[in-house]
Structures are given as C-alpha cells and as structure tokens.
Amino acid sequence: MNSFKAKAKAQHNIDTHDPITVTYRHILTTNITNKHPLRVVALVDSDAFYAACEMVRLGVDRETPLVVMQWSSFIAVNYPARKYGISRFGKDLVSVEEARKRCPELRVVHVATYKEGQAEPGYFDKPDPLTHKVSLDYYRRESKKIHQLIADSVPAGTSERASIDEAFIDFTRAVLDVMLERWPHLSKPPQDDMDSALPTPPPINWDGLGHLIPSNDGVEDPEAFDHETTWHDVALSIAAELMDNIRKEIDSRFGYTTSAGLAKNKFLAKLCASYKKPNSQSILRNTAIVGYLQPLPFQKIRFLGGKLGQAISEEFEAATVGDLLSIGLGELQSKFGDNAIWVYELMRGIDRSEVKERPDQTKSMLASKNLPKPITRPGEGQHWIRVLAAELALRLREARAETPGLWPKSIVLHARKGYESSRSRQAPFPFVQDATVDVIAAAGDKLWKELVGVSWTDKTKVSSLQLSFTGIATQETGQQNIEGFFGSRKRKRTEEEDVEKALDDAHDVGFSEFTCERCSKNIKIPWGGKEEEMQAQAIRVEHEDFHFAMDLAKSADMATAAPSKRPDSRSKTTAASSKPQGKGIEKFFKRR
DNA sequence: TCTTCTGTGCTCACCAC
DNA sequence: GTGGTGAGC
Ligand SMILES: Nc1ncnc2c1ncn2[C@H]1C[C@H](O)[C@@H](COP(=O)(O)OP(=O)(O)OP(=O)(O)O)O1
C-alpha cells in the first residue's frame, strides 16, 4: 500500500538516498550521468541458465526437474529440482543416484562434449573425462541471442553484458523518454525556468511491476515506513514496466525465464535481483536501501568475501553492513588505505560505476582441459592440443561467420605441471584464409615444445592444458602472409584440402589414415568401434612422440647454444624481490 | 530452493616488466 | 607485447 499524501516532507540529510529536488533540467537534459537523480539501473539474470538452455533444447516442460552435470558434479539445477533439495553445492547430496532417488522424474543431462577429438561436440549420457572434452558453446550461443534481444530493446549503448547469463541496463534515458511522452507538460518548465522543481509526482500503482523491497529502515513507528512517493520512485516504476516487457519478450521468443533487480545503481540492482527468484523482478526504492543493506553480512558482497572482508571483520568486530556504518571514513582509511572510500561508499549503497556497452565479440577464446590422469608423455600433450585446437577452430569459424573480419592476434598455450602454477607461452597467430584444426594444432604444438620440450623428464606430469586465442578483433591491414611461419612444412595445402582433412579426421569410415603434419606421411589407423579408436589414438600418440623426440634432440642443442630465451632467469626475480607486497591494501584482494 | 559452499571450464581486468 | 594473478559466473 502506498497512499498519496500531501504532508510536508521532513528532509533528513543523513540518508544519502534522500530525495533531492528534481528539476526540468534533469528531465530535459541529453547528458545523462551516473549522478542523475532519476538514475535507474537493472540487472537481469537468467534462472538456472544452463539448465534452462537444456530444457529449451530438449523441449521439456517448464515444471520438469532437471539438472545439468559436468563430469560428476551438478553445474546447474533448475528450480523444480531445487524443491527436492538438490543443489549445486549440496554437501549432503552429491551423487546423481541420490538425486534420482529423491526425485525419480529428474531429468539428468550432461553438458555436450567432444569425444576423442571429434570435430563437433555431441551429447553423451556418461562421457569419460579421460577422453572427452566439455563444450559450452551452446550456452554461449543462447546467451548471445538473449543479449542481442536486450540490446535491441533499449536505447543504443545502454546495456552491458555482465556475464554469460547477466546483463545490466541503464534505464535512465528510456525512462525520461517515457515520462516526457506520458506527461508532456514536463517538457514545459514554468516561466521557462529550467531549474524550477517538478510538480508533485503522481501516485504509483505498483501492481504487477514486481516485488517492492520493504522500506523497513529500523524506525519503530510503523507510520514512518510509509514513505512519500518521489520522482525516483516514478522512474523506478517506469523502468520496471520496461524491464517486465523485455523479460516477457525473452520468455516468449526464446523460452527463458529471468529475474531482475531495479535500483539506482549497478551494485544495488545486482543485490536486489536475488531478492525473489525465479521468474520475477524486485525493486529497491531509495527509502529501502539502508534497511535492505544493514542486516546483510558484508562478507557476502563482491570483493569483500576474501581477505579484505576478513581483515575488516576482525579489525572492527563487525559482521553486517550495519555494524560497519558506525565506523568513520577516517578510521577506515587509517587501517585500509585507498580501498576505504570504496568500502565506505558501498556500505551506504553508493556506486558510481557506469553501465558500459561491451563489444558483442569476446576478446579471447579459451579451450581448456583438466587432465584427471596427468600426462607423462609429450605426445599425449599433442593429442590434447589437437582436441583443444578442434574446439577453437569451430568457435573461431562460428565467430567469423558472424563477423567476417575477425582474427586473433595471438595464440597462447598454458600448461600446469603437477601442482605448480601454470606456465604459458604465446605467439602471434598470422592470418590464413581458414583457421583449420591443423593450423591451430601446429601453432599449439610449437608452443608446447617451447613450454615443456627441453625440460621434459620421466617424472614430468602435466595436469592441465589450456589453448587460447587472444586479441580477437576485426582485422586491420598487414600480416597476410603465413609463408615461413611453419618452417618445416614443405607442401602448401589449399583451403579445400584443409577442410576436407578436418572432416576426414572426424568422419572417415572403416580403415582410416591421417596425414602427419610434420612428415606429410599418411599413416593408417583402424576405425570403427571403441577398440579401434583407442588403437588409432595410440598410433597417433606414438607417432607424435617420435617427432617430439627428434625435436627434443634438436632444441636441446639450441638451448645450450643460445640460452637467450628461458634458462634460469627465473630464480633471480622471484618472491622476495619482485613483489613490493602490493601497495596499500591490494594484497588483500586475494580470495581466501 | 533460501547459513555462497565444490571443481571444471570459461571470460575479463589488472599488474610488473 | 609477454607472462602471471585474481575475481566471478
Ligand atoms: N563456478 C562455475 N563453473 C562453471 N560454470 C559455472 C560456475 N558458476 C556458474 N556457472 C554457469 C552455470 C550457470 O547456469 C550459469 C549462470 O550462473 P549463476 O547465475 O550463478 O547461476 P544460475 O543461473 O544457474 O542460477 P540462478 O537462477 O541462481 O542465477 O553459469
């Protein structure tokens, strides 16, 4: 209930979010900043996104409980399934079997995987992590469709892709447009005085606009809960209408339900989006901000979950945002340096960060594989690099189909040995007509040798590999020539041959053969069942090992001859000397 | 569902050199 | 530009 009262308002200035006088200038300005008094930001989040994607793909009913698995863990659990106590993090419920026992009608879907380095991913009931590689491509594509629809539904440049299933929208511009359309007199300031205050705002009917987070700000008098309507509330209600329309459109067009939060800035929008889920939206009026924040344990807030939050909590014996409100800025600064202002403001719901449009295309593309059974032979590495290359080839091809000029600047290979942190090597990725598996794998192999070649021993175990493209952008001039990039290669392959070969890799029947990149030799491999596949793989790995050994001999010579690259320049610039312990509090920005 | 937590597979931002 | 880290979904 929100009665429209004409009582004189008592301005309390302690509350930063108090109504400030909104003028005609505010309504008519074309320059909307993050300080605009009617600023409204929304955060939209798809409900149980991967699970929703699979429900759409399989055409299952909305009420069907469904989980998405990645190996043996739940990566997404839809809301019907959550009712059975199945959760992503459940410690009392870990196995699919248990989940099925609790919920017999549960649909269980494993994410798509590449089997044995095939050219395209497929769905398997119980893929083997030793031989398969996860593909998240479908979710990225669905995400893109949703973001495109959002971007097309709001003024240009007012939406931001925040993650695979989240987007921010700055509704301020759109809201002002609606206001002027709905109340034309707002464009005519009395006596042409742009700085005169707007008339009293109209009453608002919040019905159907979402969940209003209560304005319970700790005041005892129930009358005090009933705050007067402000122009910012009007702005929120209009944004809520717009948001609701967009959410309905996402649902009817693509079948995805979403939840949204609406508030005066990004931080608060994100925070209130989770107030009520799923398929719902929540509204945080300025009068409700303090009340909503106060009981919140601040260590749940972004960036405060780690050491900084822990340090603050110990220093001030505080747990909630409310506990911290009594700490002055000076005191906070004396203990926590530059971050103090940012923390101080956040605790008060202040966040000036802008909603900024991000290019649709990501700047990097990563294909990675954790190796449950670490590899002990370099040839196995080449096998997995080929698998990763196949995925990158497909994804780059997709991206280029949409944006033809796209090309990555560099290719990077990361490898983790045992429990050490991972090491990487990168190289330019010169333009070729078509990014085939072969071209990418060859570049990856080269990096693989640089990375582990000279240092490979009997005891070397590589437990993780990541191959990625970085600096993906539409191509500018230059670097059209690949001649000499793969020095050892004699024969120049045509694009058609490359495509053909990539397809062969996946689809040949009976007895197959592969052409070795290095020696151009055609090597026969069995094809057919699981058994044959394993044999084929063994042959491939064997052959790769052979080349690797040859290279090793070569590069070992080179290493002793020219130690310019990488011998032990490491040992000098490590730990003690290199890190100035982070300036100020930056060292606290490490989780856990 | 609702004491945010796992490990895996991502993307991005930032830092030192 | 290269290589490493941290943060979040
Ligand atoms: N740590 C992770 N590793 C891999 N994938 C993740 C991880 N966290 C989240 N995802 C994926 C699966 C999720 O469906 C998708 C969106 O994440 P998120 O928004 O946090 O949860 P959700 O969409 O599954 O549920 P909710 O409805 O609560 O938002 O991203």
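Hydrogens, waters and symmetry mates play no part in the numbers below; they use all other heavy atoms, side chains included. The chains referred to below are lettered A, B, ... by the order of the sequence lines, with proteins before strands, and numbering in each begins at 1.
For the pair Gln70(A) and dT8(B), the criterion of a side-chain N or O lying under 4.0 Å from OP1 or OP2 is not met. For dT1(B), neither phosphate oxygen OP1 nor OP2 lies less than 4.0 angstrom from any side-chain nitrogen or oxygen of Lys276(A). Note on Ser274(A): every side-chain N or O is 4.0 Å or more away from OP1 and OP2 of dC2(B).
Listed by first and then second residue, the salt bridge (charged side-chain N to carboxylate O under 4.0 Å, His left out) pairs involving residues 60-81 of chain A are Arg62(A)-Asp251(A) (not counting sequence neighbours). The side chain to side chain donor-acceptor pair (under 3.5 Å) pairs that include a residue from residues 41-57 of chain A are Asp45(A)-Lys277(A), Asp47(A)-Thr257(A), Asp47(A)-Ser259(A), Glu54(A)-Arg57(A), Glu54(A)-Tyr123(A), Glu54(A)-Tyr139(A), Arg57(A)-Tyr123(A), where partners are two or more places apart or lie in different chains.
Looking at heavy-atom distances under 4.0 Å, Pro278(A) makes contact with a base. Residue-level contact check: Ala367(A) touches the backbone only, with heavy atoms under 4.0 Å from sugar-phosphate atoms and none from bases. Residue Lys270(A) is classed as a sugar-phosphate contact, given heavy-atom separations below 4.0 Å to backbone atoms only.
Scanning for side chain to side chain contact (heavy atoms under 4.5 Å, CB included) contacts around Lys126(A) gives an empty result, with sequence neighbours left out. For Tyr256(A), the ring-ring contact (aromatic ring centres under 6.0 Å, His included) criterion is met by Phe49(A), not counting sequence neighbours.
With no hydrogens or angles considered, a side-chain donor-acceptor pair links Tyr79(A) and Arg82(A) at under 3.5 Å.
For the P atoms, the distance linking dC2(B) with dT6(B) amounts to 16 Å, nearest Å.
Summarising the geometry, the separation between CZ on Phe74(A) and C1' on dC9(C) is reported as 19 Å, rounded to the nearest angstrom.
Within a heavy-atom distance below 4.0 Å of DNA chain C, the residues of residues 158-165 of chain A found are Ser163(A), Asp165(A). For DNA chain B, the residues of residues 353-366 of chain A within the heavy-atom distance limit of 4.0 Å (strictly under) are Arg358(A), Thr362(A), Lys363(A), Ser364(A), Met365(A), Leu366(A), sorted by number.
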